[in-house]
Amino acid sequence: MNPPFRPAPGPAVRDLASRARRLPPSCGPVRLVGVDGHAGSGKTTFAEQLAVALGGAPVLRLDDIATHDELFGWTGRLLDQVIEPLTHGRTAQYAPYDWRARHFGPPRPLPPAPVILVEGVGAGRRALRPHLALLLWMEVPREEAWARGRSRDGEEQREFWNGWVPAERRHFADDPSRPFADLLVRQREEGYEVTPGPAGPVGPDQPLTQGDGPPAVC
């Protein structure tokens, strides 16, 4: 079976990858880049493209850290299993959660690469932000994102989504990420548009958009 076709990252994603590489390390020797947004906003697809542009950077998916019983109560597990060892330059070992079997699987290593992407709802939470070199927010309205997610997952996951939506509302009401995003990412008909976020420009470079010129689009 042939692998699924994935378009090559465009110039905006490649430029973002270049900027991420030049940022100071934020978690020991690692530059942690958070990719946050509402469920169904396209975080996973975007993180995959950014990882490719970074030459195969590891992607930590928060779906592997969360559980049915702890949709958002996984901060301690993430800090203990991932952040603490990376801070000391050691390989992290985390146990990914199996959403079908409803238990944790065998440990998975996460070496301290130059850039690691942390992708998932809550990647920009307050407990994680001090360890991030860069926070990206997928700029999709929540109702639109949730509709995408429901359509993607189908009737089989209807009950899960009925519980997820109020849980996500509560999470972002208590611990919002978007106000702290360095950059906003919008998916366009072809590629992405990346613009400065509420937290302002990142690093010593000029912001991705300058003056009245067009935003960077891949």
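What's counted below: heavy atoms across the whole structure, side chains too, no hydrogens, waters or symmetry copies. Source: prediction; values computed, not measured.
- What you find for A20 and V115 is that their closest heavy atoms are O-CG2, 4.3 Å.
- Here the straight-line distance linking atom CD of E119 with atom OG1 of T44 works out to 3.5 Å at 0.5 Å rounding.
- For the pair L62 and V121, the minimum side-chain heavy-atom distance is 4.5 Å or more.
- The pair E139-R188 fails the salt-bridge criterion, with no side-chain N (NZ, NE, NH1 or NH2) lying under 4.0 Å from an Asp/Glu carboxylate O.
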Note to self: Would R108 and D64 count as a side chain to side chain contact (heavy atoms under 4.5 Å, CB included) here? Give the steps.
What the structure shows: CA-CA 10 Å; R108 181 179 297 171; D64 289 338; 3.3 Å; yes

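- The six-membered or imidazole ring of F104 lies away from that of W99, with a centre-to-centre distance of 6.0 Å or more.
- The side-chain hydrogen bond (donor to acceptor under 3.5 Å, both in side chains) test with H38 singles out one residue from E168, R142, R148, and that residue is E168.
- When the side chains of ILVMFWY residues are joined at heavy-atom separations under 4.5 Å, either directly or via intervening members, F160 and V165 end up in a single hydrophobic cluster.
- Scanning both residues, G89 and P29, for their nearest heavy atoms gives CA-CD, 3.8 Å.
- Under the 4.5 Å side-chain contact rule for hydrophobic residues, F180 and L117 do not share a cluster.
- Side-chain atoms of S151 do not come within 3.5 Å of backbone N or O of A147 as any donor-acceptor pair.
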Margin query: Using ring-ring contact (aromatic ring centres under 6.0 Å, His included), reason through H68 and Y97 one step at a time and then give a plain yes or no.
Written below: CA-CA 9 Å; H68 283 91; Y97 183 69; 5.7 Å; yes

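- Smallest separation of non-hydrogen atoms from S177 and W137: CB-CZ3, 3.8 Å.
- Looking only at side-chain heavy atoms (C-beta outward), P25 and V30 stay at 4.5 Å or farther from each other.
- Minimum interatomic distance between P109 and T91 (heavy atoms only, all atoms of both residues): CB-CG2, 3.9 Å.
- Within the 4.5 Å cutoff, the side chain of V118 has no heavy atoms near those of the V35 side chain.
- Both V59 and V13 belong to a common hydrophobic cluster when Ile, Leu, Val, Met, Phe, Trp and Tyr are linked at side-chain heavy-atom distances under 4.5 angstrom.
- Taking the six-membered ring where the residue is Trp, the centroids of Y94 and W74 are separated by 6.0 Å or more.
- Atom CG of residue L184 and atom CZ of residue R186 lie 5.5 Å apart, to the nearest 0.5 angstrom.
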Note to self: Is there a side chain to side chain contact (heavy atoms under 4.5 Å, CB included) between E70 and R77? Walk through the geometry before answering.
What the structure shows: CA-CA 11 Å; E70 295 176 315; R77 186 159 51 252; 2.9 Å; yes

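- Side chains of L135 and D36 form a contact here, defined as non-hydrogen atoms less than 4.5 Å apart.
- Around atom CZ of R152, more than 12 heavy atoms belonging to other residues, nucleotides or ligands sit under 6.0 Å away.
- Of all heavy-atom pairs between Q81 and A92, the closest is O-CB, 3.3 Å.
- Between the OG atom of S26 and the CG atom of L132 there is a distance of 6.5 Å, given to the nearest 0.5 Å.
- With contacts defined as side-chain heavy-atom distances shorter than 4.5 Å, the pair L136/V194 does not qualify.
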Next item on the list: Might you work through the salt bridge (charged side-chain N to carboxylate O under 4.0 Å, His left out) test for R19 and D15, ending with a clear yes or no?
Entry: CA-CA 6 Å; R19 289 167 180 269; D15 179 67; 2.9 Å; yes

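- With rounding to the nearest 0.5 Å, the separation of CD in Q157 from CD in E155 is 10.5 Å.
- Salt bridge annotation for D153-R158: absent, with no cationic side-chain nitrogen under 4.0 angstrom from a carboxylate oxygen.
- Ionic pairing of D174 and R170 is not present here: no N-O contact between side-chain nitrogen and carboxylate oxygen is shorter than 4.0 angstrom.
- At a threshold of 4.5 Å between non-hydrogen side-chain atoms, the residues R178 and P198 count as touching.
- Put simply, CD on Q93 and CG on D80 are 14.0 Å apart, with the number rounded to the nearest 0.5 Å.
- Defined by atom type and a distance below 3.5 Å, a donor-acceptor pair is present between the side-chain atoms of S18 and R22.
- Hydrophobic clustering keeps L54 apart from I116 (ILVMFWY residues linked when any side-chain heavy atoms are closer than 4.5 Å, directly or through intermediates).
- Counting heavy atoms from C-beta outward, Y192 and V185 have side chains that approach closer than 4.5 Å.
- For the pair P9/L50, no side-chain contact is recorded, criterion being any heavy-atom separation below 4.5 Å from C-beta on.
- Hydrophobic clustering places I65 together with L86 (ILVMFWY residues linked when any side-chain heavy atoms are closer than 4.5 Å, directly or through intermediates).
- Note that the CD atom of E84 and the CG atom of L79 stand 9.5 Å from one another [nearest 0.5 Å].
- Between A123 and G34 the shortest heavy-atom distance is CB-CA, 4.2 Å.
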Check: Would L16 and L134 satisfy side chain to side chain contact (heavy atoms under 4.5 Å, CB included), going step by step from the backbone distance to the final call?
Finding: CA-CA 10 Å; L16 181 56; L134 185 66; 4.0 Å; yes

